[in-house]
Trainee: 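Encoded as structure tokens, here's the structure I'll be asking about.
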There are 2 protein chains.
Amino acid sequence: MYKKHNFGAGPCILPSSVMEQAAQSVINWNGMGLSILEVSHRSPEFEDVVLKTQLLVRGLLSVPDHYSVLFLQGGASTQFAMVPMNFLAAGKKASYLDTGYFAQKAIKEAKLFGDVEVVASSKDRNYAYIPGQFNIDPQSAYIHYTSNNTIEGTEIFDFSATGVPVICDMSSDIFSRKIDVSNFDLIYAGAQKNMGPAGMTLVIAKNEFLDRAKKEIPSMMDYQVFRDNMSMYNTPPVFSIYVAMLNLLWLKDQGGVSGIEQKNIEKAKLLYAEIDRNPLFYGTAEVEHRSRMNVTFLAVNKDAETQFLAFAANMGIVGIRGYRTVGGFRASLYNALPLSSVEVLVNAMVDFERIYSDKTVLELK
Amino acid sequence: MYKKHNFGAGPCILPSSVMEQAAQSVINWNGMGLSILEVSHRSPEFEDVVLKTQLLVRGLLSVPDHYSVLFLQGGASTQFAMVPMNFLAAGKKASYLDTGYFAQKAIKEAKLFGDVEVVASSKDRNYAYIPGQFNIDPQSAYIHYTSNNTIEGTEIFDFSATGVPVICDMSSDIFSRKIDVSNFDLIYAGAQKNMGPAGMTLVIAKNEFLDRAKKEIPSMMDYQVFRDNMSMYNTPPVFSIYVAMLNLLWLKDQGGVSGIEQKNIEKAKLLYAEIDRNPLFYGTAEVEHRSRMNVTFLAVNKDAETQFLAFAANMGIVGIRGYRTVGGFRASLYNALPLSSVEVLVNAMVDFERIYSDKTVLELK
């Protein structure tokens, strides 16, 4: 049975070699005679892990020197509140682009701290696209984007100039493609897609922007506290950071972000081509906004949906059921998912088309 | 080399059997053909882990039915802010007992939200004791205790009746001894001592008390959100919760909290007896307030301190250097530390006394 083809949306597949090193380190890390789970976060060995992980993030994303790289807890959901808590003063306004479920969650939290202007929304067509034209009030504290919409299967490929500080939730596509960090004032990402296991959050922020944050906020919600304490104001999520380091080392070996981006483009192209070809399925996102990370598609008929889930499960394919509010399928093609797994899924779709008997469906598409 | 005697203060030793199961699950969990690091937190298998961990907490601590058991992130440091954010309204007062470094951190965060009354402090004698007599304003929103002071080596064994809601940071002694949960309105604890690896926080709270929390606070800082979503409003720290489950199963096998409490008493008694007997060392905490979890002691002379650290390291003893503000030694005797490790430390102290040559020191004690 082992190994399954894991298309799960997150926590998600990580490279087998990373799992093996992580498992070994749970028994005896670094020849220290201690498990990675029992080492002090204040030990020089673990401080070295934090430093190396920061350097890997800097190297892989070409993070400019005047940016800080921080590791936090609480996932993107905590960032939804921490961003306005730090940067949206009462009576001031922040701008948000509404591109789906998680963008809406970010908007909800921001409203606790100040005024929120939704500059554009794609809710009118079930978030199947990224709004192209919108104006941002130059008085806004910042504009907030969600670069990849995990549930709706859309992704922003073009961040146009805005004139106000840019904050971006990159939870589900960071490290999957090249980005120009200098276009952003603050980037955050829950780790559990392309960075590592659940339990840590990455923040990359321009120092000058962090310096402008509000004062008098709780220490654990204060980016400056994390910056001033090398992300170890308190006990950090030791194991999650360690596995992230292993995973980023693996990514470096893959040719870094440029190398993996080419593979990700190839994987997405292969699957979208089959969705477009196969009369039993159709994609939900508009073609030019299709995510390379989360491929959302539906069966033309409900009966085929149920049958295909079972058919695919028999081939060791897991994690392709769509999010409950969207239905259908979602195949997540994160960095560690090999092209061979996508080929297995595509072949399953081809085979399923051949054996699926309800001929009436084929005429519906 | 393997296995070291790990007296580290946290993250700390966990049972070897737990490490082995955890390592195996990083490769292939539950026969699923997936690593525990890549399973969806929404999978029935992982939902079962969360449920089982909650039930283990309930069983081991006899948590009454009208209390909720929650798993969060951010450690006790996040709770320092979350408690007043939920329960201390602006213009109202909360009471705190100042018993050391972490109590002071809790006080600092509370001051952001309302008035803080420090009912008593042991700062006058370097936090070497627990203040015995104090009055609490019956109008206080709550009284906050730190049950075990990890750095100063003191522990509260008697929680007297107070008349106001009782909140307790039990990070470093929860699961080490029997407690009567019904004496508390809210208990919190960072996991990385007796519960599991770093990266999760346990909260046990009376439902009626949670119902009184403020509204309009960020979702990830809102206890009710965690209660309403089975601690999975967003992606939880999957691996940390899973290892906590393994560790609590181990604890159950040890005779539960009563069984481990007897072993913890025995370990502490053995080490304190040697500290009191050995002319080279002396304890820092007052005898009746000595912590069973964190045994703090000093060498009579600085030279002996440096030499003993090296001497002990040669015997595979790690993690006994005292906290930087206190100096000397701190031997943490958490649940998973076997009596045999304490015997190794005591023997090292006996041997060191024999070989230590500076006779003048012996006369100083």
Side-chain angles (χ1 to χ4, degrees), chain A residues 1-4 6 8-14 19-20 22-24 26-28 31-35 37-41 72-78 80-82 85 105 108-109 112 190 192 196-200 216-221 233-240 243 316 318-319, chain B residues 1-4 6 8-14 19-20 22-24 26-28 31-35 37-41 72-78 80-82 85 105 108-109 112 190 192 196-200 216-221 233-240 243 316 318-319:
Chain A
M1 286 281 285
Y2 191 69
K3 177 91 192 186
K4 292 284 178 66
N6 185 3
C12 73
I13 186 169
L14 294 172
M19 301 298 195
E20 281 154 25
Q24 171 55 43
V26 169
I27 300 293
N28 186 358
M32 287 173 75
L34 295 170
S35 164
L37 304 186
E38 63 175 317
V39 293
S40 169
H41 58 292
L72 294 85
Q73 293 186 62
S77 295
T78 297
F80 297 161
M82 216 166 139
M85 190 181 276
K105 289 211 160 193
K108 178 181 167 233
E109 302 296 324
L112 293 172
Q192 65 272 11
M200 70 178 286
E216 303 292 310
I217 53 182
S219 304
M220 290 294 289
M221 305 291 277
Y233 173 73
N234 75 337
T235 311
V238 172
F239 184 72
S240 296
V243 180
V318 301
Chain B
M1 287 278 284
Y2 192 70
K3 179 90 191 181
K4 292 285 177 68
N6 185 2
C12 72
I13 186 170
L14 294 172
M19 301 297 195
E20 281 154 25
Q24 171 55 42
V26 169
I27 300 293
N28 186 359
M32 288 173 76
L34 294 170
S35 164
L37 304 185
E38 63 175 319
V39 294
S40 169
H41 58 292
L72 296 83
Q73 293 185 62
S77 295
T78 296
F80 297 162
M82 214 166 141
M85 191 181 275
K105 289 211 159 193
K108 179 181 166 234
E109 302 296 323
L112 293 172
Q192 66 273 11
M200 70 179 286
E216 304 291 310
I217 53 182
S219 304
M220 290 296 288
M221 303 291 277
Y233 173 73
N234 76 335
T235 310
V238 171
F239 184 72
S240 296
V243 180
V318 301

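Just the heavy atoms: all of them, side chains too, but no hydrogens, waters or symmetry mates, feed the values below. Per chain, numbering begins at 1; letters A, B, ... match sequence-line order.
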Trainee: Could you tell me which of A/A23, A/P236, A/G199 has the largest number of non-hydrogen atom pairs under 4.5 Å with chain B?
Mentor: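 Max contact count across the listed options: A/A23.
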Trainee: Roughly how far, to the nearest 0.5 Å, is the CE atom of A/M19 from the CG atom of B/L37?
Mentor: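 CE of A/M19 is found 5.0 Å from CG of B/L37.
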Trainee: With no hydrogens and no angle check, is any side-chain donor or acceptor of A/K3 less than 3.5 Å from a backbone partner on B/G33?
Mentor: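 The answer is no, because no donor-acceptor pair under 3.5 Å joins these two groups.
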Trainee: Tell me if a side-chain donor or acceptor on A/E109 pairs with a main-chain N or O of B/S219 at a distance below 3.5 Å.
Mentor: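 Judged by distance alone, yes, a pair lies under 3.5 Å.
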Trainee: Is there a donor-acceptor contact under 3.5 Å from the side chain of A/N234 to the main chain of B/G74?
Mentor: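 Yes: the side chain of A/N234 pairs with the backbone of B/G74.
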Trainee: Below 4.5 Å, heavy-atom pairs only: which of B/C12, B/P237, B/A198 has the largest tally toward chain A?
Mentor: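 Winner by heavy-atom pair count: B/C12.
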Trainee: Could you tell me which of B/A81, B/G190, B/S240, B/S77 has the largest number of non-hydrogen atom pairs under 4.5 Å with chain A?
Mentor: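 Counting heavy-atom pairs under 4.5 Å, the top option is B/S77.
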Trainee: How long is the straight-line distance from CE of A/M200 back to CD of B/Q73, given to the nearest 0.5 Å?
Mentor: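 The CE atom of A/M200 is 11.0 Å from CD of B/Q73, to the nearest 0.5 Å.
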Trainee: Please determine, among A/L14, A/V243, A/V238, A/T235, the option with the most heavy-atom pairs under 4.5 Å with chain B.
Mentor: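 Ranked by heavy-atom pairs under 4.5 Å with chain B, first place is A/T235.
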Trainee: Output the option from A/V318, A/L72, A/I13 having the highest count of non-hydrogen pairs under 4.5 Å with chain B.
Mentor: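 Counting heavy-atom pairs under 4.5 Å, the top option is A/I13.
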Trainee: Suppose we screen for side-chain contact (heavy atoms from CB on, under 4.5 Å). Which residues come up paired with A/S40, at least two apart in sequence or across chains?
Mentor: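 Listed in chain order: A/R42, A/S43.
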Trainee: Of all of B/Q192, B/M85, B/K108, which one pairs up most often with chain A through heavy atoms under 4.5 Å apart?
Mentor: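 Ranked by contacts with chain A, first place is B/Q192.
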Trainee: How about B/P218 and A/L112: do any of their side-chain heavy atoms sit closer than 4.5 Å?
Mentor: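 SC-SC contact between B/P218 and A/L112 confirmed.
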Trainee: Which value, rounded to the nearest 0.5 Å, describes the distance between A/M221 atom CE and B/M221 atom CE?
Mentor: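 If I round to the nearest 0.5 Å, the distance is 4.5 Å.
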Trainee: Between A/N6 (side chain only) and B/L34 (backbone N and O only), is there a donor and an acceptor less than 3.5 Å apart?
Mentor: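 Side chain of A/N6 to backbone of B/L34, a donor-acceptor pair under 3.5 Å: no, none is there.
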Trainee: Side chain, backbone, both or neither: which part of B/F80 has a heavy atom under 4.5 Å from chain A?
Mentor: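 For B/F80, no heavy atom lies under 4.5 Å from chain A.
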Trainee: Please look at B/M82 and chain A and tell me whether the side chain, the backbone, both or neither of the residue comes under 4.5 angstrom of a heavy atom of that chain.
Mentor: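 No part of B/M82 comes within 4.5 Å of chain A.
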